[in-house]
Undergrad: 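This is the structure I have questions about; it appears just below.
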Amino acid sequence: MQAQTTLHSQQDPWEMALEQFQRASRYVPLKRGIREFLMYPRRELTVNFPVKMDDGSVRVFTGYRVHHSTVLGPTKGGIRYHPDVTLNEVRALAMWMTWKCAVAGLPYGGAKGGVACDPKQLSAGELERLTRRYATEISVLMGPESDIPAPDVGTTSQVMAWIMDTYSMHRGYSVPAVVTGKPLSVGGTVGREEATGRGCALVAREAAKAVGLRLEGARVAVQGFGNVGYHAARLLHGMGARVVAVSDSRGGIYRSEGLDPEAVLRYKRETGSVAGFPNARPVTNAELLELPCDILVPAALEGQIHRENAPRIQAQVVVEGANGPTTPEADDILHARGVLVVPDIVANAGGVIVSYFEWVQDLQSFFWEEAEIHQRLERMLVRSLQRVMEVARTHEVDLRTAALIRAIQRVSDALFTLGIYP
Ligand code: NAD
């Protein structure tokens with residue numbers, strides 16, 4: 001499968017995902033055919049579909065849904081709306097979902113979906129029609145026992161509600177468990193909206209402990225002030241850390257004395273961006289990554305930390321809120337420099353863990369208290385990070401390779417037990 005270059009990434013994400021897999025799979029005894037099978041996406045769907053626009057015209061959009069692995073259970077993975085979405089990006093994100101679910105011990109395989117579009121340029125009506133048509137197109141793969149989507153970049157709980165409703169309309173009854181990240185009013189769970197950011201904050205706290213960094217007063221820079229970045233910043237601020245910089249697609253802001261994430265969110269809601277926030281120095285997204293800080297949380301897109309800027313990263317700890325923000329070359333540079341990188345498949349697993357809680361609650365039609373969600377999330381994440389750290393010590397590898405070793409081991413053990421059909 002040929003890799004192709006995306007606009008926002010220095011290295012193709014699919015190439016990155018394969019390289020990471022190859023590095024880690026060396027540590028797991030696997031037959032060549034099994035190794036190859038784990039590399040390929042199980043199935044891929046590309047859909048081209050028309051949407052009626054508000055001005056009466058018709059536009060054709062391209063969307064994807066990729067199932068990377070179905071070995072551990074039904075597939076789970078978000079849906080991205082972004083102009084740069086490509087099949088290779090969706091493949092990479094689906095593969096990362098397989099490993100993320102496996103490391104966290106969830107009964108899921110990995111999937112991902114996306115539509116190449118700019119949701120900011122669409123009216124609410126256009127967005128709804130696009131979503132309902134895309135949901136119909138991928139409904140051949142989707143289902144509460146087969147494939148359960150969730151939000152990702154550019155999609156929201158409202159988009160999930162439309163997906164659920166579209167699927168339910170075709171069945172003739174309500175099927176809340178077909179999608180997670182829904183609003184509370186239609187079977188969503190408390191704690192899901194902030195779950196990924198909460199997980200990042202918890203992981204940052206544990207990683208800081210591991211390197212002997214005091215979280216109180218630690219300087220935090222967050223790239224991407226969206227769902228993940230905002231909640232991570234808000235919760236780290238609440239834990240006593242100093243959020244010195246945040247950014248979004250239009251630019252960033254830096255204030256060495258610290259920013260109040262809630263005030264920045266209010267400003268972003270009024271103006272559409274964090275850029276221009278008063279009493280803060282403007283910085284570009286590239287500059288933000290190299291600012292003086294202790295904890296860096298890339299929470300935007302892939303390939304942001306690469307071989308050119310990795311030598312200049314000043315943080316002691318990198319917590320990957322985004323999927324695939326660090327290229328394999330940058331991983332080597334950061335590891336050699338003693339920077340602790342908590343990889344995406346551990347650091348941002350809070351989202352899929354609480355999505356799993358949502359799915360379980362929907363299937364049982366029995367809902368849990370918020371405190372229980374937070375406690376279970378913390379227990380699962382902290383345990384998962386500790387086990388990954390143990391593997392890293394045993395094999396003397398970085399945390400990404402260690403997490404992948406655990407994930408590949410879990411999937412290949414299951415595959416060995418099931419055997420190759422027929
Ligand atoms: P979002 O759409 O809520 O926010 C994305 C943010 O990134 C926005 O602030 C946007 O302006 C900014 N951004 C977009 N392009 C950028 C660029 N080129 N440079 C800097 N910033 C840019 O999306 P999200 O759900 O917060 O997802 C962010 C990352 O976290 C993605 O990599 C996603 O795959 C990952 N992730 C999300 C979840 C989840 O539950 N939402 C779970 C796991 C991982």
Side-chain angles (χ1 to χ4, degrees), residues 96-97 99-106 191-216 218-224 226-243 246 261 293-300 304-305 313 315-326 331 334-335 339-357 373-393 397-407:
W96 288 326
M97 282 307 296
W99 311 137
K100 195 182 299 181
C101 294
V103 184
L106 303 177
R192 174 60 185 92
E193 185 82 23
E194 64 172 64
T196 311
R198 176 172 285 273
C200 288
L202 293 169
V203 160
R205 184 191 73 193
E206 296 304 305
K209 253 188 240 163
V211 301
L213 172 71
R214 235 171 85 86
L215 194 57
E216 183 87 32
R219 297 160 304 167
V220 178
V222 180
Q223 187 198 46
N227 173 286
V228 178
Y230 162 66
H231 287 293
R234 177 178 66 81
L235 290 160
L236 282 166
H237 176 75
M239 292 175 183
R242 186 154 39 111
V243 179
V246 299
C293 67
D294 304 299
I295 301 173
L296 176 64
V297 184
Q304 298 297 303
I305 304 175
I313 302 286
Q316 241 179 298
V317 174
V318 176
V319 175
E320 293 189 336
N323 287 306
T326 311
D331 265 337
L334 294 173
H335 188 58
V339 179
L340 185 70
V341 178
V342 187
D344 44 12
I345 60 172
V346 177
N348 68 34
V352 73
I353 291 173
V354 177
S355 272
Y356 166 63
F357 298 161
I373 304 263
H374 291 339
Q375 276 162 17
R376 283 179 186 265
L377 168 65
E378 179 161 354
R379 214 180 311 141
M380 284 179 78
L381 254 188
V382 172
R383 200 189 307 148
S384 153
L385 179 60
Q386 280 165 352
R387 295 206 172 137
V388 167
M389 284 179 166
E390 281 162 27
V391 176
R393 277 193 292 272
V397 291
D398 60 18
L399 293 186
R400 184 179 327 277
T401 307
L404 284 166
I405 291 172
R406 265 188 73 76

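We use all heavy atoms of the structure for the numbers below, so side chains are in, but hydrogens, waters and symmetry mates are not. Owing to the predicted nature of the structure, the values given are computational and were not obtained by experimental measurement.
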Undergrad: Roughly how far apart are R234 CZ and M239 CE, rounded to 0.5 Å?
TA: 10.0 Å

Undergrad: One pair to check against side chain to side chain contact (heavy atoms under 4.5 Å, CB included): T401 and D331. What are the steps and the verdict?
TA: CA-CA 10 Å; T401 307; D331 265 337; over 6 Å; no

Undergrad: Strictly distance-based, threshold 3.5 Å: is any side-chain N or O of D294 a donor or acceptor partner for the main-chain N or O of R219?
TA: yes

Undergrad: Would you indicate whether the side-chain heavy atoms of I353 and Y356 approach each other to under 4.5 Å?
TA: no

Undergrad: Out of the candidates I295, V246, V319, only one should pair with V222 under the side-chain contact (heavy atoms from CB on, under 4.5 Å) rule; please name it.
TA: V246

Undergrad: What's the shortest heavy-atom distance between H237 and P261, and which atoms?
TA: CG-CD, 3.6 Å

Undergrad: Would you say that M97 contacts N323 through its side chain, given a criterion of any heavy-atom pair below 4.5 Å between the two side chains?
TA: no

Undergrad: With heavy-atom distances below 4.5 Å as the criterion, would you say the side chains of V339 and L296 are in contact?
TA: no

Undergrad: What is the minimum heavy-atom distance between G224 and A300, and which atoms define it?
TA: CA-CB, 4.0 Å

Undergrad: In Å and rounded to the nearest 0.5 Å, what is the CZ to CD1 distance from R198 to I373?
TA: 11.0 Å

Undergrad: If I compare all heavy atoms of L377 with all of G350, which pair ends up nearest, and what's the gap?
TA: CD1-CA, 3.6 Å

Undergrad: Restricting to non-hydrogen atoms, name the atom on T196 and the atom on G351 that form the minimum distance, rounded to 0.1 Å.
TA: OG1-CA, 3.1 Å

Undergrad: Which atom pairs, one a donor and one an acceptor, fall under 3.5 Å between side chains of residues 200-210 and the rest of the protein, sequence neighbours left out?
TA:
from, atom 1, to, atom 2, distance (Å)
R205, NH1, E378, OE2, 3.3
R205, NH2, E378, OE2, 2.9
E206, OE1, K209, NZ, 3.4
E206, OE2, K209, NZ, 3.1

Undergrad: Within a strict 4.5 Å, meaning less than it, do heavy atoms of the D398 and L334 side chains meet?
TA: no

Undergrad: State the CD1-CH2 distance between I405 and W99, to the nearest 0.5 angstrom.
TA: 12.5 Å

Undergrad: Are any non-hydrogen side-chain atoms of H231 and E193 less than 4.5 angstrom apart?
TA: yes

Undergrad: How far apart are the closest heavy atoms of A322 and D344, and which atoms are they?
TA: O-CB, 3.3 Å

Undergrad: What donor-acceptor contacts under 3.5 angstrom involve side-chain atoms of residues 380-390, with partners at least two apart or in another chain?
TA:
none

Undergrad: Heavy-atom distance under 4.5 Å between the side chains of L399 and V341, does that happen here?
TA: no

Undergrad: Please report the closest heavy-atom contact between A221 and C293, naming both atoms and the distance.
TA: CB-SG, 4.0 Å

Undergrad: Start with the C-alpha gap between K100 and N348, add the side-chain angles, then the distance that decides, and say whether side chain to side chain contact (heavy atoms under 4.5 Å, CB included) holds.
TA: CA-CA 9 Å; K100 195 182 299 181; N348 68 34; 2.6 Å; yes

